[in-house]
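When a ligand or atom number is given, it counts from 1 through the structure's own listing order. This one's a predicted model, so the numbers in the text were calculated from it and none came from an experiment. Throughout, residue positions are numbered sequentially from 1 according to the sequence presented.
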Amino acid sequence: MTAREVLDVDVLVVGGGVVGAAMALALACRPAPAAVDPSGLPGLRVALLERTPPAPFDPLGEADLRVFAVNRASQRLFESLGVWPAMISRGVNPYQAMEVWDARSPGRIRFEAAEVGEPDLGHIVENRVIQWTLWEALEAAGVEQICPAGLSWLQVMPGGVDAGLDDGRTVHAALVVGADGARSRVRSLAGIGLDSTRYGQRAVVANVSTGEHNQATAWQRFLPSGPLAFLPLADGRSSIVWSTEPETAERLLALDDATFCAELGAAFEWRLGPVNATGPRASFALIGSQARHYVRPRIALVGDAAHTIHPLAGQGANLGFADVTALARVLWSRPGRDPGDLRGLRTYERMRRGDNWLMMRAMEGFSTLFGSGLPPVEMARGLGLILADRLPAIKNGFLRRALGGAVKG
Ligand SMILES: Cc1cc2nc3c(=O)[nH]c(=O)nc-3n(C[C@H](O)[C@H](O)[C@H](O)COP(=O)(O)OP(=O)(O)OC[C@H]3O[C@@H](n4cnc5c(N)ncnc54)[C@H](O)[C@@H]3O)c2cc1C
């Protein structure tokens with residue numbers, strides 16, 4: 001495509017992170033043809049616009065600092081897109097248990113996959129494994145990859161939308177999907193407002209080696225300053241997410257490796273023995289946000305462009321993949337119809353916005369509950385965890401939600 005040419009497609013997806021790449025693939029090759037669309041029409045003509053080319057996957061490369069606890073619903077999406085086997089070959093790590101405990105009360109709860117007849121509770125997968133595998137599949141599915149290039153402007157017209165790129169090219173589409181992350185340009189160009197809450201915390205992330213193997217368990221300890229999670233990597237190490245006050249995060253990043261490992265081990269009560277080594281460290285600001293609308297005529301938002309949540313339950317990317325599944329279902333259920341038609345887009349918004357809002361509020365509730373140092377709250381928290389641990393109905397309810405509503409019983 002030269003600077004003067006206008007590329008004409010059905011759908012332009014802006015942002016080729018894990019959510020945008022899954023979106024482009026889901027629209028280019030139908031995920032469940034017989035179940036959703038009996039028309040036999042070919043997939044939509046899709047283009048993916050991304051500013052930064054993803055690095056090719058290197059099996060010997062250092063594990064990504066961004067790893068996701070992929071739930072069962074997201075796994076099903078990857079299976080339906082035919083990319084799960086390639087992700088398995090690159091490294092997905094199933095975890096069989098999850099243990100959560102409170103630093104200021106005796107409260108503790110443990111979930112086991114076997115309790116609900118599941119082989120695992122999900123998989124820990126690196127961002128680079130998901131993104132690169134999806135990008136490879138995009139090529140085979142005939143998705144036009146416009147990369148590197150950024151979105152500059154949008155002009156919505158009754159019959160379509162023109163998207164201007166920062167290198168002067170133009171793409172004409174029936175629908176533009178904004179999957180361009182928390183600072184979405186599509187969202188701002190479409191004039192969609194954002195309600196956001198700064199949690200006053202940063203998350204420090206690193207991959208660490210411990211004295212003991214990670215036991216294929218996702219661990220989380222609620223400290224007064226925020227939750228500390230250890231997620232199991234395939235090589236026995238753990239990927240940590242330590243949410244804490246910004247000053248503490250800054251101090252933790254500045255520590256030498258040995259002092260950082262010692263502080264981390266103590267904060268984690270040495271559950272896996274001493275922390276022996278750490279890879280590079282980074283930190284992210286934690287912000288909860290929800291776009292005031294997910295759709296506008298010929299525009300739809302998915303993933304972090306539409307919502308961000310506290311990472312304490314590891315659900316951020318999973319919610320984005322649920323958006324992808326919902327929007328693809330809506331578009332496939334209307335074969336031959338204009339993909340930018342607002343009625344269809346509103347169905348997608350109704351399917352997802354309430355659900356995402358509930359998850360965001362639930363995470364904020366957990367964060368407040370576990371952050372409180374008031375003695376009655378501490379006592380109730382401890383008792384609540386102990387009771388929930390002993391009541392199968394409550395535990396299974398939590399598990400169903402964590403697995404993305406995809407568990408038996
Ligand atoms: C500390 C931490 C831990 C987390 N842990 C988990 C977890 O365990 N499980 C989980 O499910 N989620 C987790 N999350 C959340 C998860 O990282 C995000 O929800 C997810 O990565 C969002 O993906 P996305 O594709 O929507 O956005 P992004 O990953 O932000 O991708 C957006 C893409 O758009 C591109 N882009 C932006 N602007 C433009 C433009 N103008 N033109 C072209 N391209 C553009 C960017 O280059 C980027 O590639 C965590 C988040 C944090 C901060």
Side-chain angles (χ1 to χ4, degrees), residues 12-24 47-55 64-71 73-75 95 98 122-128 130-131 134-135 145-154 163-167 171 176-189 199 201-206 218 220 226-233 239-244 249 281-289 291 301-324 356 359-360 363 402 404:
L12 171 68
V13 178
V14 181
V18 289
V19 173
M23 185 79 253
L48 178 68
L49 174 66
E50 169 56 51
R51 210 165 36 191
T52 316
D64 219 316
L65 276 181
R66 192 148 49 145
V67 304
F68 303 128
V70 168
N71 69 15
S74 301
Q75 177 186 336
Y95 60 101
M98 193 156 56
H123 295 78
I124 304 298
V125 192
E126 293 171 50
N127 181 74
R128 64 183 185 133
I130 300 180
Q131 193 187 15
L134 288 167
W135 272 69
Q145 297 169 22
I146 313 171
C147 177
L151 177 71
S152 189
W153 53 265
L154 283 176
L165 313 192
D166 51 16
D167 57 11
V171 181
V176 168
V177 178
D180 48 347
R183 293 189 185 153
S184 170
R185 181 127 181 95
V186 173
R187 190 181 64 224
S188 59
L189 287 172
Y199 296 129
Q201 286 185 324
R202 289 187 77 81
V204 174
V205 290
Q220 184 143 266
L228 166 61
F230 273 55
L231 302 176
L233 295 173
S239 165
I240 66 136
V241 184
W242 190 347
S243 306
T244 187
R281 282 162 261 163
S283 80
F284 304 88
L286 299 186
I287 300 170
S289 64
L301 302 177
V302 293
D304 277 17
H307 46 75
T308 58
I309 63 167
H310 197 291
L312 73 83
Q315 289 300 315
N318 287 315
L319 295 184
F321 296 131
D323 297 344
V324 168
N356 290 336
M359 181 61 92
M360 183 177 151
M363 290 310 108

Between Trp135 and Gly16, the two heavy atoms sitting closest are NE1-O, 2.9 Å
What's the spacing between Arg185 CZ and Leu154 CG if we round to 0.5 Å? 8.5 Å
In Å and rounded to the nearest 0.5 Å, what is the CG to OG distance from Leu301 to Ser184?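 OG of Ser184 is found 5.5 Å from CG of Leu301.
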May I ask you to decide if Arg128's main-chain N or O and Asp64's side chain share a donor-acceptor pair within less than 3.5 Å?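 Flag set: sc Asp64 to bb Arg128 pair under 3.5 Å.
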Judged by modelled atom types alone, do Ser152 and Asp166 share a side-chain donor-acceptor pair under 3.5 Å? no
Got the residues with a heavy atom under 4.0 Å of ligand 1, by chain and number?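 Contacting ligand 1 under 4.0 Å are Val14, Gly15, Gly17, Val18, Val19, Leu49, Glu50, Arg51, Thr52, Arg66, Val67, Phe68, Ala69, Ala149, Gly150, Leu151, Ala179, Asp180, Gly181, Arg185, Ala203, Val205, Val241, Phe284, Gly303, Asp304, Pro311, Gly314, Gln315, Gly316, Ala317, Asn318.
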In short, salt bridge (Lys or Arg N to Asp or Glu O under 4.0 Å) pairs touching residues 307-323 with sequence neighbours left out are Asp323-Arg352
